[in-house]
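So the structure is just underneath, and the comments pick up after that.
Counting from 1, the numbers follow the sequence of the chain as shown. One-based numbering, in listed order, for ligands and for the atoms of each.
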Amino acid sequence: MASILPASNRSMRPDKNTYEGKRSVYVKNPYLDAMDEDILYHLDLGTKTHNLPAMFGDVKFVCVGGSPNRMKAFAQFMHKELQLEGDGEDIEDICAGTDRYCMFKTGPVLSISHGMGIPSISIMLHELIKLLHHARCCDVTIIRIGTSGGIGIAPGSVVITDTAVDSFFKPRFEQIILDNVVTRSTELDKELATDLLNCSRETPGFPTLIGHTMCTYDFYEGQGRLDGALCSFSREKKLDYLKRAYKAGVRNIEMESTVFAAMCGLCGLRAAVVCVTLLDRLESDQINLSHDVLVEYQQRPQLLISNFIKKQLGLCGQMS
Ligand SMILES: O=P(O)(O)O[C@@H]1C[C@H](O)[C@@H](CO)O1
Ligand SMILES: O=c1cc[nH]c(=O)[nH]1
C-alpha cells in the first residue's frame, strides 16, 4: 500500500518513515494505489512486466550522474570493488529497451544516468522513486556523482553539497504544478555529508570540501558564461555575480542538485550530492582539460563513494 503524505513540503516531511522498523521510500500520490499497473515508461520497466521486489528489493545505494558512460564505468568499478563474481565487463543495462536512461545493478548498488538538467533528472527520479517503492526497498542512500564548475577553488576539487541553492542563492526549488509555483526545500542530509567528508580524509589524492552548490537551468547564460551563443552581460557583471555567489557560500555550480534534494527529501531518501569541479569559474568559462584529465577527475567522486559504500557495508580493510 502506498504511503501518502500531505502534499506540501518540509514541515510535513516524515521524520520517522518506518516500514517494519526501517526507513522506507515514500511516494506522495493518492492515485498510485488505485492503479492496476504502473508503467515506468522512461525506464522500460513496469509492475506487471517485471518482478520489481525480486529485481531491486536488496538495493541500498543508488548512484546517479548525467552521463551513461560514467554510470556504466561506475557500475563496473563497484563490481570490482565489491569483489562480485566475474569481471563485470559485460554488465547488462537494465533499461536497454529505452535510450533515455541507462541502469546497472551491482549487488546492492544501483547506478543510473539522468541526462542533463532539471527536467531530465526529475523524470528519472519520479520513476526511480516509484521503482524503489514498488520494490519495497528500505534504508536507501542516494548520491549524485557529477561534474561542476568551481568558484574560487582548485579544478579537480570534490565538493560535497551541504545545501543546494538556486540562482538567487536561496535553498529552494520552485516546481510549477498546473499554474502554481510550489516552493520546496533543498536541504540535504547533513550527517551523510559529514560522513562523506570524513571518508574523503581516508581517500587521499584530491582536495574535498563541503559547500553550497548552485543549481541553474542552463550551462551558458544561466551560469554567467561569456562563451555561449548568447551573452548580454559584461565580464565585470559576471565576476561580480560569481563573487557574490562565493560570499553566499557557493563553491560549485551544476544543473540538477535542487530538484534532486527536493524530491529525495520529500520521499524519505537519504541524499547527497558529490561533484568534481572541472574549472574555476573566476578564471575561465571554457573546459579545456585533456581527455585523460577529464576521465581522472570524473573518477574522483566515484572513488570516494566506492570507499563510503564499502565502509557502510563493513567491507573496508578486507578489500583493495
Ligand atoms: O552529472 P553531470 O556531469 O552531467 O552534471 C553536470 C551538470 C550538467 O548536467 C552537465 C553540464 O555539463 O554536467
Ligand atoms: O561549469 C560547469 C561544469 C560542469 N557542469 C556544469 O554545470 N557547469
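Neither side chain, T98 nor D44, offers a donor N or O lying under 3.5 Å from an acceptor on the other.
Compare G66, S257, G65 by their heavy atoms: the one nearest to atom 4 (O) of ligand 1 is in G66. Closest heavy-atom approach to atom 7 (C) of ligand 1 within the set H114, E256, Q298, R70: this belongs to E256. Scanning E254, R281, R225 for the heavy atom closest to atom 1 (O) of ligand 2 points to R225. The nearest non-hydrogen atom to atom 5 (O) of ligand 1, considering only Q223, M255, R144, M71, comes from R144.
Nearest protein heavy-atom neighbour of atom 3 (C) of ligand 2: S148 C, 3.3 Å. Looking only at protein heavy atoms, the nearest one to atom 2 (C) of ligand 2 is G149 N, 3.3 Å. Looking only at protein heavy atoms, the nearest one to atom 7 (O) of ligand 2 is Q223 NE2, 2.9 Å. Considering only non-hydrogen protein atoms, atom 10 (C) of ligand 1 sits nearest to M116 SD, 3.8 Å. The nearest protein atom to atom 6 (C) of ligand 1, hydrogens excluded, is given as T147 O, 3.3 Å; this is a heavy-atom distance.
At a 4.0 Å cut-off, at least one heavy atom of L279 sits close enough to ligand 2 to count as contact.
Annotation for ligand 1: atoms under 4.0 Å from non-hydrogen atoms of F219 are 11 (C), 12 (O). Which parts of ligand 2 touch I253 is read off a 4.0 Å heavy-atom cut-off, strictly below it: atoms 6 (C), 7 (O), 8 (N). The atoms of ligand 1 that sit less than 4.0 Å from any heavy atom of G146 are 1 (O).
Put simply, the side chain of D58 reaches to within 4.5 Å of the side chain of K105, judged on heavy atoms.
R244 forms no cation-pi arrangement with F169, by the criterion of a distance under 6.0 Å to the ring centre and an angle within 45° of the ring axis.
Of the candidates S257, S185, P171, T163 forms a side-chain contact (heavy atoms from CB on, under 4.5 Å) with just one, namely P171. Looking at L196, L303, T203 one by one, the single match for side-chain contact (heavy atoms from CB on, under 4.5 Å) with F308 turns out to be L196.
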Steps toward salt bridge (Lys or Arg N to Asp or Glu O under 4.0 Å) verdict (E254, R144): CA-CA 11 Å; E254 46 78 272; R144 170 168 141 68; 3.0 Å; yes
Using the side chain to side chain contact (heavy atoms under 4.5 Å, CB included) rule, take L82 and L315 through it: C-alpha gap first, then chi angles, then the decisive distance, then the call. CA-CA 8 Å; L82 297 179; L315 299 174; 3.7 Å; yes
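Within 6.0 Å of OH in Y41 there are 12 or fewer heavy atoms belonging to other residues, nucleotides or ligands.
One finds no salt bridge joining E191 and R270 here, because no Lys/Arg side-chain nitrogen approaches an Asp/Glu carboxylate oxygen to under 4.0 Å.
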